[in-house]
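Structure, as structure tokens:
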There are 4 protein chains.
Amino acid sequence: MQLNFNSPKPIYLQMVDETKKALVRGELAPGDKIPSLKERAQMSNVNPNTVQRAYQEMEREGLTETLRGQGTFIKNDPALLLHIRSEMAQTAVLHFIEEMRGLGIEAQEIERILRDQLSKEKKEG
Amino acid sequence: MQLNFNSPKPIYLQMVDETKKALVRGELAPGDKIPSLKERAQMSNVNPNTVQRAYQEMEREGLTETLRGQGTFIKNDPALLLHIRSEMAQTAVLHFIEEMRGLGIEAQEIERILRDQLSKEKKEG
Amino acid sequence: MQLNFNSPKPIYLQMVDETKKALVRGELAPGDKIPSLKERAQMSNVNPNTVQRAYQEMEREGLTETLRGQGTFIKNDPALLLHIRSEMAQTAVLHFIEEMRGLGIEAQEIERILRDQLSKEKKEG
Amino acid sequence: MQLNFNSPKPIYLQMVDETKKALVRGELAPGDKIPSLKERAQMSNVNPNTVQRAYQEMEREGLTETLRGQGTFIKNDPALLLHIRSEMAQTAVLHFIEEMRGLGIEAQEIERILRDQLSKEKKEG
DNA sequence: GTGGTCTAGACCACC
DNA sequence: GTGGTCTAGACCACC
């Protein structure tokens, strides 16, 4: 859960994204309780109201549900994980292609650039 | 030159990026005069102060130079275009890979997802 | 006895209303014993403190009476049922009219909208 | 714009409803600018953050749109007014019928009670 | 302890 | 001046 306090992207949205990623990576599972507002606020060194805004957004998106006085839980919906995974991957790939096209770079070269970078990282990593 | 006024990315940085992309795509060439603050402000429906900040940033990055009383010009440096192109493509591909890894998706599947999307767009487009 | 835990209306008041409705519908009768705090708390999946507050409120409104060691009973007052029925119906109709007037909808159209909805439900139901 | 500070219904939701009603009653029109956060906060004797939450909710529901630095406007969508009017009237009538059914009161008597109240108000008013 | 609402007030980008 | 984000901290209903 690394937050970038200098990013123009609001912290509460970064928190939503990080929660989705944790779910997709299997670090969270449907039905899991997520930390309370105050716990998360302390962990992330952020104001509880900011956490609340993130949790509110997640609830609005159908990612979590809240049980009064008990806390907030990842929705226990088996399709949720796959849905979020494909949604986020789709967003990322579309954004990438759009960026490259904005540079006048087309399909073949886009693929090549990705392949080059991946194999470069493999050698180095 | 499409600006997204709801993006958290500051408008002036969006303007810098759009100028870079126009250059890379060949819509602008080294040595070209770019619009005056006021022209650009009207074209983009943006406050002249915002344009000024974009122009300052471009100057700071070595992308443009201003000739007193004559206006602002894309720097007449033959290497500039290639440099910006590879810099922006590099940024995009690194960002994309990082996003996908954040979802627990690794090299092979990243390539597959990109390939799928590109061929899907080819069919549809 | 359906409680809405996301309603802004306090749970204990929802419980009072539900008890009144059960009485008016004849599911409870004057003189009937109502469940103990603990029973009701378990049935409704609610904290006993919340039930207690509901029971206090019902006592305060003259709806119930408690006999030491024997439990809580719907008051054995023949007029009670009719009184509550007309009071709740009155509250509902006044609230409805006020809502509709707030939308600039006047008597004739209010009646029409109600009639339409009732006949629609009749056909469907 | 009368707010009830003692209602359990959150103030920000009351503000959303009041704005919808003003629109339906014709006191606001599509395209109109609504008061700025600070103006509205002063007018309503409420904290600007509370107003902002109301405005945010209206934006989320597609009722308004925000132009950076210029303010918040009722969306200029001709269908909006009728849509909200019928949505709110529908909600009210369904709620009313449900309340009455909860009291064991059925169609004919529901209609009669409404008619009686309306003609009573006519005589008195 | 748990989330929900609200106040008070700061700082920011943009007009 | 305009809305957007964030902090700090209060009070509430419910557990």
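Below, all heavy atoms of this structure are taken into account, side chains as well, without hydrogens, waters or symmetry copies. So you know, we letter chains A, B, ... as the sequences are listed, proteins then strands, and number each from 1.
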Notebook entry, point to check: Within a reach of under 6.0 Å around CD of B:Gln90, are more than 12 heavy atoms found that belong to other residues, nucleotides or ligands?
Noted result: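 Yes, the 6.0 Å shell around CD holds more than 12 heavy atoms from other groups.
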Notebook entry, point to check: Which residue, A:Val46 or C:Val46, contacts DNA chain F at a nucleotide closer to its 5' end, judged by nearest heavy atom?
Noted result: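 First, find each residue's nearest nucleotide; the 5'-ward one identifies A:Val46.
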Item checked: A:Asn45 vs D:Gln70, nearer the 5' end of DNA chain F by closest nucleotide ->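 Here D:Gln70 is the residue nearer the 5' end.
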Notebook entry, point to check: So, is the end of the B:Arg53 side chain (NZ or CZ) under 6.0 Å from the ring centre of B:Tyr12 and within 45° of the ring's axis?
Noted result: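 B:Arg53 over B:Tyr12 ring: yes.
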On a heavy-atom basis, which atom in [X] and which in [Y] lie closest, and how many Å separate them?
X	Y	result
C:Leu3	C:Ser44	CD1-CB, 4.0 Å
A:Ala54	A:Val16	O-CG2, 3.6 Å
A:Thr64	A:Glu59	OG1-N, 3.3 Å
B:Phe5	B:Ile11	CD2-CD1, 3.6 Å

Item checked: Closest-nucleotide 5' rank along DNA chain E - winner of B:Ile11 and D:Ile11 ->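 This one resolves to D:Ile11.
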Check: Earliest and latest nucleotide of DNA chain E, 5' to 3', sitting under 4.0 Å from a non-hydrogen atom of chain B?
Finding: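 In short, chain B contacts DNA chain E from E:dC14 to E:dC15.
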Item checked: Spacing of CD1 belonging to C:Ile84 relative to OG1 belonging to C:Thr91, to within rounding of 0.5 Å ->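 The OG1 atom of C:Thr91 is 11.5 Å from CD1 of C:Ile84, to the nearest 0.5 Å.
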Checklist line | C:Met100 vs C:Ile97, side-chain contact (heavy atoms from CB on, under 4.5 Å): CA-CA, chis, key distance, verdict | finding: CA-CA 5 Å; C:Met100 297 303 261; C:Ile97 293 172; 5.8 Å; no
Item checked: Passing candidate, salt bridge (charged side-chain N to carboxylate O under 4.0 Å, His left out) with B:Lys20, options B:Glu57, B:Glu27, B:Glu61 ->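 By the salt bridge (charged side-chain N to carboxylate O under 4.0 Å, His left out) criterion, B:Lys20 pairs with just one of B:Glu57, B:Glu27, B:Glu61: B:Glu61.
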Notebook entry, point to check: Going by number, which of residues 47-55 of chain A have a non-hydrogen atom under 4.0 Å from DNA chain F?
Noted result: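 Output list: A:Asn47, A:Asn49, A:Thr50, A:Arg53.
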Checklist line | A:Gln52 side chain to A:Leu37 backbone, donor-acceptor under 3.5 Å | finding: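 Not confirmed, A:Gln52 side chain does not pair with A:Leu37 backbone.
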Notebook entry, point to check: Given that both pair distances must be under 3.5 Å and the pair must be Watson-Crick or G-U, what runs of three or more consecutive pairs involve DNA chain F?
Noted result: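 DNA chain F stems, ordered by first number: E:1-14 with F:1-14.
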